[in-house]
Amino acid sequence: MLVNAADMLKKAEAGHYALGAFNTNNLEWTLALLQAAEEAKSPLIIQCTAGAAKWMGGFKVCADMVKAAVEATGVTVPVALHLDHGSYEDCFKAIEAGFTSIMYDGSHEETFQLNLDRTKELVELAHSKGISIEAEVGGIGGTEDGVTSNGELADPNECKQIAELGVDFLACGIGNIHGVYPEDWAGLSFERLSEIKAEVGDLPLVLHGGSGIPEDQIKKAISMGVSKINVNTDLQLVFAAATRKYVEAGKDLEGKGFDPRKLLKPGRDAIVEKTKALMEEFGSVNQA
Ligand SMILES: O=C(O)C[C@@H](O)[C@H](O)C(=O)COP(=O)(O)O
Ligand SMILES: [Zn+2]
């Protein structure tokens with residue numbers, strides 16, 4: 001059975017560790033994440049964007065697949081299925097499909113007031129159904145059309161206003177960027193993190209763009225109140241590298257090496273190992 005992510009993140013915040021929230025892209029990804037969490041005895045947040053859900057056939061296919069995988073594997077650790085970067089409309093669809101947690105990303109709305117109003121409405125809806133909800137203040141930097149923007153810094157006062165609506169966890173920019181970090185990246189702003197934390201109290205904070213941040217910065221961010229770290233790119237990179245190695249070694253040309261179960265196995269195994277290493281780094285091993 002899937003659970004919501006509120007309790008597991010409250011415990012992480014109080015225990016000064018973080019949970020990785022790992023994006024799934026398909027069945028192989030989902031099974032690899034479940035295997036890693038079970039072996040590490042770590043609570044798990046599997047998250048999915050609207051784009052990835054569309055790739056899988058829709059929110060319902062994704063939710064049913066994750067639920068069935070949890071049941072079939074018999075994992076004993078708590079697992080939440082979270083909508084990642086959902087629009088206002090996506091949130092309704094994901095709830096209807098059976099997601100147990102949602103992120104309403106109102107950072108792109110025309111005004112902060114609209115972000116505030118819609119977050120308020122969705123907090124009420126989510127909580128009436130026992131679903132946890134993440135909101136976002138300010139944008140997260142990233143690469144668009146080949147140009148990487150600097151990580152944005154969220155406004156602490158806006159974070160306070162969103163926190164007061166009763167969201168379960170909050171994403172806020174502290175210089176973090178989605179995707180691969182550029183060589184000249186300035187690093188996380190711990191000054192801004194401390195200003196935000198002072199405004200939101202014990203509300204668990206979310207660090208997006210969790211791939212490729214140096215370990216010392218990750219550990220410091222966790223010690224200052226980051227309780228959920230979103231990771232997608234890191235797992236995509238290890239999956240691609242392991243698959244490339246298999247193909248470049250000509251293994252797909254040997255016997256039945258082209259069988260998708262053989263072709264996808266090195267990538268799937270690489271996801272398991274990388275996820276376990278990240279759980280160790282974030283401190284969530286043996287916390288289930
Ligand atoms: O790839 C996506 O669209 C999901 C990400 O935005 C996710 O929310 C995230 O923050 C992971 O960042 P990454 O590790 O830099 O891919
Ligand atoms: Zn993100």
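One is the number of the first residue; the rest follow in order along the sequence. Atoms within a ligand are numbered from 1 in the order they appear, just like the ligands themselves.
By the side chain to side chain contact (heavy atoms under 4.5 Å, CB included) test, A50 is found to be paired with F59, D90, residues two or more places apart in sequence or in another chain being considered. In this structure, E254 has no side chain to side chain donor-acceptor pair (under 3.5 Å) partners at least two apart in sequence or on a different chain.
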- Start with the C-alpha gap between E164 and K160, add the side-chain angles, then the distance that decides, and say whether salt bridge (charged side-chain N to carboxylate O under 4.0 Å, His left out) holds. CA-CA 6 Å; E164 283 171 353; K160 182 174 191 279; 3.1 Å; yes
- Candidate pair K245 and E248, rule salt bridge (charged side-chain N to carboxylate O under 4.0 Å, His left out), full reasoning: CA-CA 5 Å; K245 194 167 162 209; E248 285 185 349; over 6 Å; no
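The side-chain heavy atoms of I213 and L207, taken from C-beta on, include a pair separated by under 4.5 Å. Contact annotation: the side chain of H82 never approaches that of N4 to less than 4.5 Å [non-hydrogen atoms, C-beta and beyond]. Between L125 and K129 the shortest side-chain heavy-atom distance falls below 4.5 Å.
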Do any nitrogen or oxygen atoms of ligand 1 lie under 3.5 Å from a protein nitrogen or oxygen, and which ones?
from	atom 1	to	atom 2	distance (Å)
ligand 1	1 (O)	N232	ND2	2.7
ligand 1	6 (O)	H85	NE2	3.1
ligand 1	6 (O)	H178	NE2	3.0
ligand 1	8 (O)	D84	OD1	3.0
ligand 1	8 (O)	D84	OD2	2.6
ligand 1	8 (O)	H85	NE2	3.2
ligand 1	8 (O)	H208	ND1	3.2
ligand 1	8 (O)	N230	ND2	3.1
ligand 1	10 (O)	H178	NE2	3.1
ligand 1	10 (O)	H208	ND1	3.3
ligand 1	10 (O)	G209	N	2.9
ligand 1	12 (O)	G209	N	3.4
ligand 1	14 (O)	S211	N	3.4
ligand 1	14 (O)	S211	OG	2.5
ligand 1	14 (O)	N232	N	2.9
ligand 1	14 (O)	T233	N	3.4
ligand 1	15 (O)	G179	N	2.8
ligand 1	16 (O)	T233	N	2.9
ligand 1	16 (O)	T233	OG1	2.6

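Checked for salt-bridge contact, K265 and E28 miss the test: no charged N lies under 4.0 Å from a carboxylate O.
The two atoms that bring G175 and L153 nearest to each other are N-CD2, 3.6 Å, heavy atoms only.
Excluding waters, the count of protein N/O/S atoms less than 2.8 Å from the Zn ion (ligand 2) comes to 3.
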